[in-house]
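Each chain gets a letter, A, B and so on, in the order the sequences are listed, and its residues count up from 1. We use all heavy atoms of the structure for the numbers below, so side chains are in, but hydrogens, waters and symmetry mates are not.
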Amino acid sequence: MASPTKREIAQILEDIGLLLELKGESPFKSQAYYNAARTIEGTTEDLVQLVATGRIRELKGIGQALADKLTELVRTGRLAYYEELKRTVPAGLVEMRAIAGMGPKKILAVWQLLGITTVGELEYACIENRLVGLPGFGSKTQDKIKQGILQFKKRKGFQLYATAIVEARALMAACRSASGIRQVDLVGDLRRRMEIADTIELVVATDRPDSVGQALAAHGLDDRFVEEGPVLRGRSALGLALVIHVARSLSPHLLLAKTGSAQHLTQLKARAEARRLTWNLEEDGGPLSPPAETEADLYRALDLPLIQPELREGLGEIEAAERGELAHLVTSQDIQGIFHNHTTASDGSATLEEMVEEACRLGYRYIGISDHSQSAFYAHGLKEDRIREQHAAIDALRKRVSGILILKGIEADILADGTMDYPDEVLATFDFVIASVHSRFNLPEEEQTSRVVRALAHPHVTMLGHPTGRLLLSREGYRIDMARVIRAAKEHGKILEINANPHRLDLDWRLCPSAKAQGVKVSINPDAHAVEGLQDVPFGVNVARKGGLSVTDVVNTLEPAEIAAALKQ
DNA sequence: GCCGTTTTCGGCCCGACTGTTTTCAGTCG
């Protein structure tokens, strides 16, 4: 079996930490597992290599006991100790950890005092008002947990785009390698590059429908499928719904129909009706119509240019296409350089040199280094002396490397009152300043908005980092009036970040058209905390494309000389 | 369970915020 990913191993270590806490083991022992989880997730080295050479033992926080367990995990994909531990604690309790407000102590309390072992029971206990009255619980806690369960249920069954697309590609590869399958294409939400997805949807062309089942069996999914006419339905290893449309050949009609969205298709149909055009995309409703070889032909029949899948959301793209105002969407190849990168100076796991080298290797022509500022103590934020140190290191590195421009930056905290984390004379020493909110997430909307607007008015601030602070599938963004923030960015000539980290994708694509309309530029930033993080840029490009942005809307499509000049202004 | 030695076991760690308290515990980043 394939070796588990770092993320999967880190998750197991975190689960063990929680299980130990629930079993009343030493909190320090749990902590050791939590620390190990972070270490594993943060390491840039290949785990198989580390285990094979025994160097796993050299990682910080990995002693003999953890090294043995990691070795077993990496080699066999399983861990007997973990399996045994799981047998002694109800599975629902571990699941509860994903509910906001439910930490180890609260989970232990509801289990021991109320006998609750599942999320469903917990929800029912909230409704019956039974949490109030437990020691350490009150009505506000119960409300928070009730809200947390609501969010939990909403995101259950969903995965991040970055996670889902990996599984989708693996399935497509499995189908392609099966005999008798001519063509496989991705459709549905993932083809439209939605930031999260609960379904992997494929279309498969074959004369032998049974070969699809064989391909899935080879992928270990044989027992999870039912056939419903030309559609196979099942569940993927990650728990995503799997929908596979099987046809003799793949028509553009089928591609368009299965790519969606529902709103986009409804609007296309209405447009066809207005033109008295027979519009039939599905086989079961008579012959396909209009005749077409490609999706572009179908749009042409409606007097429209091809609308890229990312834009097909029914949010005005058809009207824009009609007016001839569809943007020529930005691509990953257009990105010339990258801002917002962390190093070991704060909470990154790669050195300045390693980050620059990797950016070079990926073909970027400039890289902006921006570690955390001093009040981000949890991330080893830089005090003024360490800023000077880093600037000296960058000066030295600039002399040694050619072909890439290294920019001195900082991700500076916006303090609660909207002032910045350093005095102006310190901020003036950077080539660029990313202003970000990292604390006081639950200020009232008016206060939060004013705080960010004040930061945008600061003369040394270049751009706003992760504008809403959301973490997809885990944390809502803070309450903030983004319309006002965008207006402030316009007024002060500031850039908004599209944070490309798959967990963030913030600015949301739904807000991009408003920024574009006002002439506010965005920067697609990896927010990399490791060399691997530099590869997240395409996820940010997806957001920009869904938001209808073109090269001219994205500042880091500028040439090095142009960006240097722009930053000087 | 890890670490760092004062080599054999004691200390691990981080502060803000919230909600529950009446001086603090739990969660979160």
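- Going from atom CD of E476(A) over to atom C1' of dG29(B) covers 17 Å, rounded to whole Å.
- With both ends at atom C1', the span from dA25(B) to dT20(B) equals 8 Å, rounded to whole Å.
- Across dG1(B) and dT8(B), the matching C1' atoms stand 16 Å from one another, rounded to whole Å.
- Checking T449(A) against D481(A) by side-chain atom types alone, no donor-acceptor pair falls below 3.5 Å.
- dC14(B): Watson-Crick or G-U partner is dG29(B), with both key distances under 3.5 Å.
- Under 4.0 Å is where a charged nitrogen must lie from a carboxylate oxygen, and between K408(A) and D395(A) at least one such pair does.
- Separating the C1' atom of dG10(B) from that of dT5(B) is a span of 11 Å, rounded to the nearest Å.
- A gap of 24 Å separates the P atoms of dA16(B) and dT21(B), to the nearest Å.
- Exactly one residue among R510(A), R193(A), K546(A) makes a salt bridge (charged side-chain N to carboxylate O under 4.0 Å, His left out) with E313(A). That residue is K546(A).
- Here the separation of dT7(B) from dC2(B), taken at their C1' atoms, is 16 Å to the nearest Å.
- Taking both residues in full, the closest heavy atoms of I367(A) and M355(A) are given as CD1-O, 3.8 Å, listed atom of the first, atom of the second, then distance.
- The side chain of R440(A) contributes an N or O atom lying less than 4.0 Å from OP1 or OP2 of dC17(B).
- Residue I40(A) contributes atom CD1, which lies 14 Å from atom C1' of dG1(B) at whole-angstrom precision.
- With salt bridges taken as basic N to acidic carboxylate O contacts below 4.0 Å, none links R38(A) and E14(A).
- Distance, Y478(A) OH to dA16(B) P: 20 Å, rounded to whole Å.
- On the C1' atoms, dT18(B) is 15 Å away from dT23(B), given to the nearest whole Å.
- No side-chain donor from either of K494(A) and T462(A) sits under 3.5 Å from a side-chain acceptor of the other.
- In this structure, E25(A) places its CD atom 15 Å from C1' of dC2(B), rounding to the nearest Å.
- Place Y81(A) and F28(A) on DNA chain B by their nearest nucleotides, and Y81(A) ends up nearer the 5' end.
- Listed by chain and residue number, E123(A) satisfy the salt bridge (charged side-chain N to carboxylate O under 4.0 Å, His left out) test with K153(A) (two or more places apart in sequence, or in another chain).
- Of the P atoms belonging to dG19(B) and dC9(B), the separation is 45 Å, rounded to the nearest Å.
- L59(A) has its CG atom 15 Å from the C1' atom of dG1(B), to the nearest Å.
- Ring geometry for Y422(A) versus F430(A): interplanar angle of 30 to 60°, hence tilted.
- Taking a cutoff of 4.0 Å between a charged side-chain nitrogen and a carboxylate oxygen, E72(A) and K69(A) do not qualify as a salt bridge.
- Between K29(A) and the phosphate of dC12(B), there is no side-chain N or O to OP1/OP2 separation shorter than 4.0 Å.
- Here the C1' atom of nucleotide dA16(B) and the NE2 atom of H438(A) are 15 Å apart, to the nearest Å.
- Between dG29(B) and dT22(B), the distance separating the two P atoms is 28 Å to the nearest Å.
- Remark: A32(A), Y33(A) in residues 30-38 of chain A come within less than 4.0 Å of DNA chain B through at least one heavy atom.
- Syn is the glycosidic conformation of dT7(B), whose angle stays within 90° of 0.
- For the pair H458(A) (side chain) and H460(A) (backbone), a donor-acceptor distance under 3.5 Å is present.
- Within 4.0 Å of L20(A), counting heavy atoms only, lies no atom of the nucleic acid at all.
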For a quick check, with a 4.0 angstrom heavy-atom cut-off, what is the B/S/- contact string for nucleotides 20-27 of chain B, read 5' to 3'? S-----SS
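- Annotated as anti: dT18(B), whose glycosidic dihedral deviates from 0 by more than 90°.
- As rounded to whole Å, 13 Å separates atom C1' of dC2(B) from atom CG of L70(A).
- Residues E497(A) and H340(A) bring a donor and an acceptor atom of their side chains to less than 3.5 Å of each other.
- Summarising the geometry, the separation between CD1 on I414(A) and P on dG29(B) is reported as 18 Å, rounded to the nearest angstrom.
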